[in-house]
Amino acid sequence: MLKDGHGRVVDYLRVSVTERCNFRCQYCMPEKPFSWVPKEELLSYEDLFKFIKVCIDRGVKKVRITGGEPLLREGLDNFIEMISKYKDDIDLALTTNGYLLPKSAQKLADAGLKRINVSLDSLIPDVAHKIAQKDVLPTVLKGIEAAHSAGLKIKINCVPMQGINDNELCDLVEFCKSKGYPIRFIEFMENDHAKDGAKGYNSIQIQNILKAKYSFKKLERSGSSPSQDYIMEDGYVFGIIEPHKDDFCATCNRIRLTASGVLIPCLYFEDSQSIKEAIQNNDIDKAAAILNDVLLNKPEKNKWSENPEVSARAFYETGG
Ligand code: SAM
Ligand code: SF4
């Protein structure tokens with residue numbers, strides 16, 4: 001079992017397979033970065049898999065593939081198959097913007113993927129266009145349908161932004177209810193890479209918007225899920241991810257690996273260590289020692305609750 005320096009069990013690894021993206025979301029990557037990490041500097045799928053095995057062998061139970069946009073990296077279905085075949089009870093999931101799902105959903109399901117989170121911030125084509133800076137909505141909706149037809153369990157992620165999609169939160173709930181998908185609203189996490197002036201909402205504000213139409217109750221937190229769930233009168237459950245809350249980090253069970261082999265203990269802070277050399281040299285003991293060291297130094301708490309602070313970390317690099 002892996003534990004961090006504060007006694008928290010770490011059993012969830014998020015793996016970013018690319019920092020590149022085909023969207024330019026205002027809250028994440030409003031402009032193309034000055035340069036991408038050259039493809040030859042990324043860890044190969046075989047090397048990422050070697051490190052995933054190090055983690056699974058030491059107690060990791062959940063692996064989420066993310067990015068940038070993970071479906072942009074070729075061969076993702078083979079990578080998913082490697083992981084799902086290694087341990088068939090691993091909780092393997094993917095987070096995507098959905099744009100490439102129409103042609104890849106079935107292949108992902110065939111490779112052993114069970115669960116998928118799709119980002120859907122608006123149901124109005126022009127608003128979705130404004131957020132992603134591209135005409136994305138029709139294709140994303142087709143992608144969600146394709147994932148559903150392929151038998152994938154779907155969750156929807158939405159980042160409410162002031163003056164952009166805040167008048168649609170109830171419509172998004174209605175859409176998800178009608179389809180049977182849980183929705184999770186994510187508090188905007190202030191970071192240096194987001195569009196200047198971008199403003200989100202905290203959990204209380206999101207709840208107040210939803211209260212105009214719905215009555216709901218807070219549920220007991222289950223395990224170390226990052227989401228605080230709420231139940232509506234008709235039994236529909238939605239979640240809010242509340243990193244600005246003081247106690248959000250108390251149950252953090254996550255560690256993040258970037259596409260170039262950098263192991264990041266906290267989404268907020270810049271501290272990290274690379275496992276690239278150890279993994280490429282097949283030095284599994286060294287990779288495991290780096291993992292332990294990173295865990296030992298995992299910060300107790302992010303700083304978003306402090307008024308709010310702005311992180312220097314890019315979401316498209318860490319994978320959210
Ligand atoms: N491209 C994929 C997507 O958009 O789902 C996966 C990568 S994205 C970085 C992972 C998640 O992070 C998405 O749900 C996205 O909405 C969320 N995210 C990105 N920037 C954020 C920010 N500044 N605050 C809160 N959530 C953010
Ligand atoms: Fe791309 Fe996802 Fe970031 Fe949007 S949130 S820019 S889709 S990585």
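Counting convention: from 1, in listed order, for ligands and their atoms alike. Just so you know, these numbers use all the heavy atoms, side chains as well, and skip hydrogens, waters and symmetry mates.
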Over all heavy atoms of both residues, which pair between [X] and [Y] is shortest? Give the atoms and the distance, please.
| X | Y | result |
| --- | --- | --- |
| Cys55 | Leu2 | O-CD1, 4.4 Å |
| Arg184 | Ser225 | NH1-OG, 4.3 Å |
| Gly319 | Thr66 | O-OG1, 2.8 Å |
| Glu242 | Ser203 | OE2-OG, 2.6 Å |
| Ile83 | Ile56 | CG2-CD1, 4.5 Å |

### Message
Hydrophobic clusters here meaning ILVMFWY residues chained together by side-chain heavy-atom distances under 4.5 Å, can you tell me if Ile241 and Ile206 are in one?
### Response
no
Looking only at distances, please establish whether an N/O atom of ligand 1 is found under 3.5 Å from an N/O atom of [X].
| X | value |
| --- | --- |
| Ser119 | yes |
| Arg14 | no |
| Asn157 | yes |
| Asn117 | no |

At a 4.0 Å threshold, what atoms of ligand 1 neighbour a non-hydrogen atom of [X]?
| X | value |
| --- | --- |
| Asn97 | 2 (C), 3 (C), 5 (O) |
| Thr66 | 6 (C), 7 (C) |
| Val159 | 16 (O), 26 (N) |
| Thr96 | 2 (C), 3 (C), 5 (O) |
| Gly319 | 9 (C), 10 (C) |
| Gly67 | 7 (C), 9 (C) |
| Ile186 | 14 (O), 25 (C), 26 (N) |
| Glu69 | 1 (N), 2 (C) |

### Task
Could you tell me whether Val118 approaches ligand 1 through its side chain, its backbone, both or neither, with non-hydrogen atoms closer than 4.0 Å?
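Looking at Val118 and ligand 1, no heavy atom falls under 4.0 Å.
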### ligand 1 versus Glu190: contacting region, heavy-atom distance under 4.0 Å
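Within the 4.0 Å criterion, Glu190 makes no contact with ligand 1.
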### Task
For atom 12 (O) of ligand 1, grab the closest protein heavy atom and report residue, atom and distance to one decimal in Å.
Gly320 CA, 4.0 Å
### Query
So, Arg20 side chain and Tyr316 main chain: donor-acceptor pair closer than 3.5 Å or not?
no
### Message
Keeping Asn165 on the side-chain end and Glu168 on the backbone end, is there a donor-acceptor pair under 3.5 Å?
### Response
no
For [Y], is there an ion pair with [X] - N to carboxylate O distance below 4.0 angstrom?
| X | Y | value |
| --- | --- | --- |
| Arg8 | Asp4 | yes |
| Lys179 | Glu145 | yes |
| Asp110 | Lys107 | no |

### Query
According to the interplanar angle, ranging from 0 to 90°, do the rings of Trp304 and Phe315 count as parallel (below 30°), tilted (30 to 60°) or perpendicular (above 60°)?
tilted
### Query
In terms of the angle between their ring planes, are Tyr230 and Phe238 parallel, tilted or perpendicular, with boundaries placed at 30° and 60°?
parallel
### Query
Counting only protein atoms, how many N/O/S atoms are less than 2.8 Å away from atom 3 (Fe) of ligand 2?
1
